[in-house]
Every structure is written in C-alpha cells, then in structure tokens.
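What follows is one structure encoded as structure tokens, with my remarks underneath.
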Amino acid sequence: MPELPEVETTRQGIAPHITGKLVNQVVIRHHGLRWPIDPALPNILQRKKLLDIDRRGKYLLLQFTHGHLLIHLGMSGSLRIVNPKKESPQKHDHVDIIFTNNIALRFHDPRRFGSILWTTSPPEEHALLCKLGPEPLSDAFNSEYLFTKSRKRKKDVKTFIMDSHIVVGVGNIYANESLFTAGIRPTKMASKLTRKQCEQWVNDIKAVLQRSITQGGTTLRDFVGGDGKPGYFAQQLNVYGRGGQPCVVCKTLLKEIRQAQRATTYCTRCQK
DNA sequence: CAAGACTCCTGTCAGC
DNA sequence: TGCTGACAGGAGTCTT
C-alpha cells in the first residue's frame, strides 16, 4: 500500500520522463475510482504541457499551464512510465496519459481507492488539501507542534498520528513502526504524551520515513516498464505484520490488537 | 467540535 | 477443487 515514501519515490521516478512534455491523448478505460474521473479530462489536457510534479501528503500534484491534476494512489494504486504502443494495458490499468513523445503515464489500481481529480484553483486551496497538517519531514512538524496538538485529545496516540489533519503521510505501517522505535504504547492517550516522548517520536517518524525514501531512490528504474511496483517495501519491519512473533529486542511475543478498525502490533514490554 | 462508525473495492486466504 | 465469507486498509463522509 503506497505510503508517503512510496508516493515520493513515485514522484521522483516519473518526473524526469514526462516533465515539460505535451499531452497528446488521455485514455480512460475505467471512470469509477473513488470519485468518478471527469469525462472531460481528455479534452482538458489535450496539447497541454506538464510543467512540474509536486507532492502534498500522499497526493501527487501534476501542474499544467491551466490547472492541476491531483492523483491519489489509495490502497493499491501505482503509476509507471510505459510505451503505450509496446505495452498493451493489463487488467486494472484504468488510465493512460500519453505524451507527444509516445511515453505514457499509466495508472493502475485494482481496488480503485485512488483518485484523479482536475482543479483550476491553487491546489493548496482545494477542499481535500487545505486542511491537511504539515509535512512530516518539514520543520513545521516538530516536538512542540506535536505536544501542543496532542493536549486535550481523548484519542489513542496511534489513531491520533494517523489523522492527516495532525500530520500527513503517517499511515498504518509507519505509525506502528515509529511507536515501537520510540517505545510508546499505541493505546496511550495522546494527551498523556510527555514533551520528551513527543521529541523522541517526532525524530523516529522522520527517521523511518526518510530511510524508506532513501531506499526507494535506489529502485527508480522500476517505474519504467516492469510491473510498476517499487521493490523497497521489503524494508525490515520490527512490528508491522508480526503479531505473535518475538520482539526483535526482548523476544516477548508481540501483541496484536485493533484500533479504529486497523491492525496495531506492539511489544508490551518495550512500549510503555 | 471531536470521536467513532461506515464506506468505497478486489485480491488473498481460511474454512468447509 | 471450488465456493463462501472474512479481511485488509486511506481517508472522506456521515452519525452521534
């Protein structure tokens, strides 16, 4: 499932191939994503130049001369660069944005939780983006911010940190992993976090995300041809998906629970 | 306003 | 072996 590192690596992987190129054709094979794709999109993008690709949270922002295309990969989405004449679309290849040099950006999404939205207003003003919290790797996300935001919050820390209005891009995997590294129990109330814990946790969140992005950078070739799946998901995970297995530090069997309908795994001994 | 439930979807897997 | 049902999960929206 694409988390922030995967989205950022996707951005870096596709940008060199299509930035500055003109759109020649848009092929939509399936409109039914999270929200329906605007049927006018092919006309909107026809002969328009892609100026830049940016990212906000897990949204990719494709800047054209007259507006932005917002792409979210949802749970199972991926983007890759293909030659549309040589690589025929496979199942779940819902959209091709074909540029004049016969290079296509191909959107693949089996579960169709992703979205492709056109907007002519500044992207930061878009309803989906304007209320988002800071980027986790920015200076705005610091221990003071986290401490302040967590006061009076009657919510467990894990659910709290996964709220994109607090901070963007910390999905289930990184919430679990960073809590383990920081030694914080996922069920702890957000309001009970100490300043010291906030400082530790912020550092650990940044570290785990940064490490994944760096690792992803070594597999950029995967975005051209192939299956479009970045190969770096296989980073070492300390707790995520390891319920019932021994803690890598103390060998205590990891406990698995559910919080807000999501799997949480933690060590009852290492995480207080 | 905050918190929790519900929802979209399909591949995967356990159980029979 | 094949069918059925549970489950995973980002994040917007609805309900309480």
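Remember, it's a predicted structure, so these values are computed and weren't measured experimentally. Each chain gets a letter, A, B and so on, in the order the sequences are listed, and its residues count up from 1.
Taking 4.0 angstrom as the limit, A/Arg153 places a side-chain polar atom (N or O) nearer than this to OP1 or OP2 of B/dA3. Within the 4.0 Å cut-off from OP1 or OP2 of C/dG9, at least one side-chain nitrogen or oxygen of A/Tyr240 is found. At C/dC7, none of the side-chain N or O atoms of A/Arg258 fall inside 4.0 Å of OP1 or OP2 (strictly under the cut-off). Phosphate contact (OP1/OP2 of C/dG12, side-chain N/O of A/Tyr59, threshold under 4.0 Å): present. Using a 4.0 Å cut-off, no side-chain N or O of A/Lys155 falls inside it from OP1 or OP2 of B/dG4. An OP1 or OP2 oxygen of C/dG10 is reached within less than 4.0 angstrom by a side-chain nitrogen or oxygen of A/Arg262. The side chain of A/Lys58 contributes an N or O atom lying less than 4.0 Å from OP1 or OP2 of C/dA11. The side chain of A/His72 contributes no N or O atom lying less than 4.0 Å from OP1 or OP2 of C/dG10.
Counting only heavy atoms from C-beta on, A/Ala263 has its side chain closest to C/dG9 among B/dA3, C/dA11, C/dG9. Out of C/dA11, C/dG12, B/dG11, the shortest distance to the side chain of A/Leu128 is found at C/dG12. Across C/dA11, B/dA3, B/dT10, the shortest atom-to-atom separation from the side chain of A/His92 is found for B/dT10.
Between A/Trp35 atom CH2 and C/dG10 atom C1' the separation is 10 Å, expressed in whole Å. Distance A/Asn176 CG to C/dG9 C1': 12 Å, rounded to the nearest Å. One interatomic measurement links the two molecules: NZ of A/Lys131 to P of B/dA2, which rounds to 11 Å at whole-angstrom precision. If you take CZ of A/Arg111 and P of B/dT10, they are 11 Å apart, rounded to a whole angstrom. Atom pair A/Met189:CE and B/dA2:P shows a separation of 16 Å (rounding to whole Å applied). Rounded to an integer number of Å, the gap from A/Met162 CE to C/dA11 C1' is 9 Å. Rounded to whole Å, atom C1' of C/dG12 lies 16 Å from atom CD1 of A/Ile166. Between the P atom of B/dA3 and the CD atom of A/Gln259 lies a distance of 14 Å, rounded to the nearest Å.
Stacking here means ring centres nearer than 5.5 Å and ring planes tilted less than 30 degrees, and by that measure A/Phe113 does not stack onto C/dA11.
Residue A/Ser150 holds its OG atom at 5.0 Å from CZ of A/Phe160, rounded to the nearest 0.5 Å.
Hydrophobic clustering, with ILVMFWY side chains joined whenever heavy atoms are under 4.5 angstrom apart, keeps A/Leu33 apart from A/Leu128.
Of the residues near DNA chain B, A/Arg112 and A/Gln261, the one whose nearest nucleotide (by heavy atom distance) lies more toward the 5' end is A/Gln261.
Take A/Phe147 and apply the ring-ring contact (aromatic ring centres under 6.0 Å, His included) test, not counting sequence neighbours, and it matches no residue.
Under the 4.0 Å criterion applied to side-chain N and carboxylate O atoms, A/Arg195 and A/Glu144 are assigned as salt-bridge partners.
Of the residues listed (A/Leu51, A/Leu45, A/Ile44), the one engaging A/Phe64 in a side chain to side chain contact (heavy atoms under 4.5 Å, CB included) is A/Leu45, and it is the only one.
Between A/Trp118 and A/His66, the two ring planes are tilted [angle within 30° to 60°].
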